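Predicted model, so just to flag it, every value in this text is computed and none were measured.
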Amino acid sequence: MAVILKNARSLNEEGELVATEVKLVGDVITEIASRIDAGEEDEQVDVGGQLLAPGLIDLHVHLREPGGEHKETIASGSLAAAKGGFTTIAAMPNTRPVPDTKEQMEWLQERIRQTAYVNVLPYASITIRQLGKERTDFAALKASGAFAFTDDGVGVQNARMMYEAMKEAAALDMAIVAHCEEETLTYKGCVHDGELARKYELSGIPSIAESVHIARDVLLAEAAGCHYHVCHISTKESVRVVREAKRAGIRVTAEVTPHHLLLCDEDIPELDANFKMNPPLRSKEDRAALIEGLLDGTIDFIATDHAPHTEEEKREGMELAPFGIVGLETAFPLLYTNLVETHICTLKQLIDWLTKKPAEAFGLRQGKLAVGAKADLTVIDLQTEHPIDPDTFVSKGKNTPFAGWICKGWPTMTFVNGKLVWQKGREE
C-alpha cells in the first residue's frame, strides 16, 4: 500500500510554489506530479494546499540523555524535532557518560533505535570525557556509527591535540566539528562584552574568544586536509575568517543559529537568563554580518543549538544560570516570519539552509524532495499566525527568549521514513 500526499504545494528550482502530489512506498518517494491517481488500497492524505518540503535537518542539538534526563530525553527531544518539522537531527556528546567509547556509542545507538521519533545522528567526542587531554578511538567510534567528532560545549584548547585529531579524522573521511572558544579570552563572562555587560557591570565574553579559535583551526584544517565545521558562528570577525578560509580553498563549513540571526545583546530585557546562551548574543553589527554571511554563502546552513534546561536552573539569574535555549519547535516559524516575510531572504533560500545545505555539507542522503529520495517530509502552514507559547512545547525545556512572538510558518505534519510521526492537533 502506498501513501499519497494530495493537494500540496512545493517549491520548484525557480523558487515558485507549484501544485504537487507525492507518492510514498515504504520509506521512499516513488512519484512526484501535479496529480497522482490513487489506487483502491492507497492511503490518501489531503494537506490542504500547504507547503510540502523535504524534512528539515538540524545538525546541532542537545538531547541530554544519558545523564540529563530531567532536562530532555532522546524521546522528548526528537518529538520536539518532529513538531518543529525536523526529520534528521545530530545529537551533541556533552552527556554523562560521554559517547567516547565503542561501548557507549553502541548503547546510544540502541537507545536511539528504541525511543527516537526522527533520525538521530550521534556525535562522538574528540577527547575522552571532553577533557581535552587524550583522544578517543576515532576508528572504533566511526565503526559504531558516530556521525562526526566534536567536543561541543568546550573548545579544544590544545592546538597539537586539535591538529592530530584533524589528521586522524581526515584519514577516516570524517569531520571535526568545533565549539570555538579560547578559554583564556572568555574572562568567565556570561554575556557579550558589549552594551548590556557595561550597563549591568557584568563580565563580558569578547568576540575574539571565538574568532581567534576559528583562525587557529582553519590553518590546522588546511595542514591536516580535514573537513572542519564551525558551530554557532556569532561574530563579524569570525565570518571574515571563514570567508577568507573558503577563498583560500580550505575545507571549512559553518552554521548559524536562529537566535543569532534575529537578536543582539541590546534586545535582552534586563537580566533575563532565557537570553543567556554560548556564544552570547552579540552586537547589531555582528548580527548584520551573520545575515550577510548566510546570504553570500560564507555560512553554509542554519542549526538551532537546541539546549534545554529546567526552569529552576534558568531562575538562578544571568551570572549563575546555565547557557542555552531551546529552538527545535520554533526555528522555522521564527525564520519564516522574520526573514522571508520581511524580504531578507526567499522561501527557497530558507528551505535550502534547513535541508539541502546541511545535507550537502555532510554528505547526507536526506534533504531532497525527489523520486528515489528518503520519504522524510514536512508539511508547513504558511498562513496561520499565532504566538510562541512555551507551555505548549513538547520539549521538556521551556527556556526560550521568543515567548509571545507572533509567527507564521508552523509545521503541521512530519513524515519520517514514510510514516507520519507528528501531526498538529493529534494526541501523541
Side-chain angles (χ1 to χ4, degrees), residues 1-58 78-89 116-119 328-329 331-333 335-336 340 346-359 364-385 394 408-428:
M1 182 184 77
V3 175
I4 301 177
L5 306 184
K6 307 285 286 184
N7 189 23
R9 295 188 299 164
S10 68
L11 290 166
N12 63 18
E13 285 303 310
E14 290 71 44
E16 301 165 329
L17 286 168
V18 296
T20 305
E21 296 189 354
V22 175
K23 187 174 186 178
L24 315 178
V25 178
D27 64 353
V28 176
I29 298 171
T30 60
E31 186 178 354
I32 302 174
S34 58
R35 179 178 172 81
I36 297 174
D37 292 326
E40 288 184 7
E41 296 185 356
D42 293 336
E43 178 185 355
Q44 300 183 59
V45 179
D46 189 335
V47 303
Q50 297 179 85
L51 174 68
L52 180 64
L56 308 183
I57 298 171
D58 187 350
S78 64
L79 182 59
K83 184 180 175 185
F86 291 93
T87 57
T88 297
I89 57 177
Y117 286 81
V118 303
N119 306 304
L328 283 167
E329 295 173 64
F332 192 88
L335 294 165
Y336 177 76
V340 177
T346 66
L347 177 58
K348 186 175 189 306
Q349 285 176 308
L350 177 57
I351 293 291
D352 284 352
W353 290 328
L354 290 165
T355 58
K356 176 182 175 182
K357 296 296 185 180
L364 301 177
R365 287 182 56 210
Q366 292 90 341
K368 296 184 229 176
L369 179 57
V371 173
K374 283 195 68 179
D376 292 351
L377 300 165
T378 298
V379 177
I380 301 171
D381 178 358
L382 298 179
Q383 303 302 321
T384 304
E385 190 174 69
V394 297
K408 297 179 181 179
W410 295 94
T412 58
M413 297 182 194
T414 304
F415 294 83
V416 177
N417 296 318
K419 297 179 181 178
L420 182 65
V421 298
W422 183 83
Q423 183 174 358
K424 181 181 178 181
R426 190 182 76 174
E427 291 297 324
E428 308 307 335

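Listed by chain and number, the residues in a side-chain hydrogen bond (donor to acceptor under 3.5 Å, both in side chains) with Asp381 are Thr384 (sequence neighbours excluded). In terms of the salt bridge (charged side-chain N to carboxylate O under 4.0 Å, His left out) criterion, residue partners of Asp352 (sequence neighbours excluded) are, by chain and number, Lys348. Scored by the side-chain hydrogen bond (donor to acceptor under 3.5 Å, both in side chains) test, Thr30 finds no partners at all (sequence neighbours excluded). Partners of Ala19 according to the side-chain contact (heavy atoms from CB on, under 4.5 Å) rule, which considers only residues two or more places apart in sequence or in another chain, do not exist here. Partners of Ala359 by side-chain contact (heavy atoms from CB on, under 4.5 Å), not counting sequence neighbours, listed by chain and number: Ile57, Leu364. Listed by chain and number, the residues in a side-chain hydrogen bond (donor to acceptor under 3.5 Å, both in side chains) with Asp46 are Asn7 (sequence neighbours excluded). The ring pair (Phe, Tyr, Trp, His ring centres under 6.0 Å) check on Trp410 picks up His386, with sequence neighbours excluded. Lys408 is linked by a side-chain hydrogen bond (donor to acceptor under 3.5 Å, both in side chains) to Glu341, counting only residues two or more places apart in sequence or in another chain. Evaluation of the side-chain contact (heavy atoms from CB on, under 4.5 Å) rule for Glu43 yields Met1, Val3, Val45 as partners, not counting sequence neighbours.
To the nearest 0.5 Å, the span separating NZ on Lys368 from CD1 on Ile29 amounts to 10.0 Å. Distance CG/Leu350 to OH/Tyr336: 9.5 Å, rounded to 0.5 Å. Here the CD1-CG distance, from Ile32 to Leu369, works out to 4.0 Å after rounding to the nearest 0.5 Å. Considering CG of Asp376 and CD of Gln366, their distance stands at 6.0 Å, rounded to 0.5 Å. Separation of atoms CD1 (Ile380) and CG (Leu56) is listed at 5.5 Å; rounding is to 0.5 Å. From Leu347, atom CG reaches atom CG of Leu11 across 4.5 Å, with rounding to the nearest 0.5 Å.
Residues Ile351 and Pro54 come closest through the heavy atom pair CG2-CD, 4.3 Å. Residues Ala33 and Ile36 approach most closely at CB-CG1, 4.0 Å, considering heavy atoms. The two residues Gly409 and Phe332 come nearest to each other via the heavy atoms O-CD2, 3.1 Å.
Side-chain contact check for Val22 versus Leu52: some heavy-atom pair is nearer than 4.5 Å. Taking the side chain as every heavy atom from C-beta outward, Val18 and Ser34 never approach each other to under 4.5 Å.
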Working note: Leu328 + Asp58, criterion side-chain contact (heavy atoms from CB on, under 4.5 Å); need CA distance, chi angles, decisive distance, verdict.
CA-CA 8 Å; Leu328 283 167; Asp58 187 350; 3.4 Å; yes

Give the C-alpha distance, both sets of side-chain angles, the deciding distance and a yes or no for side-chain contact (heavy atoms from CB on, under 4.5 Å) between Leu382 and Val340.
CA-CA 11 Å; Leu382 298 179; Val340 177; over 6 Å; no

Quiz: residues 411-421 side-chain donor-acceptor pairs under 3.5 angstrom, not counting sequence neighbours:
residue, atom, partner, partner atom, Å
Thr412, OG1, Gln50, OE1, 3.4
Thr412, OG1, Val379, O, 3.4
Thr414, OG1, Ala82, O, 2.6
Asn417, OD1, Lys374, NZ, 2.9

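Judged by distance alone, the side chain of Thr378 and the main-chain N or O of Gly85 form a donor-acceptor pair under 3.5 Å.
Within the structure, side-chain hydrogen bond (donor to acceptor under 3.5 Å, both in side chains) pairs that include any residue of residues 12-29 comprise Lys6-Glu21, Ser10-Thr20, Asn12-Glu16 (at least two apart or interchain).
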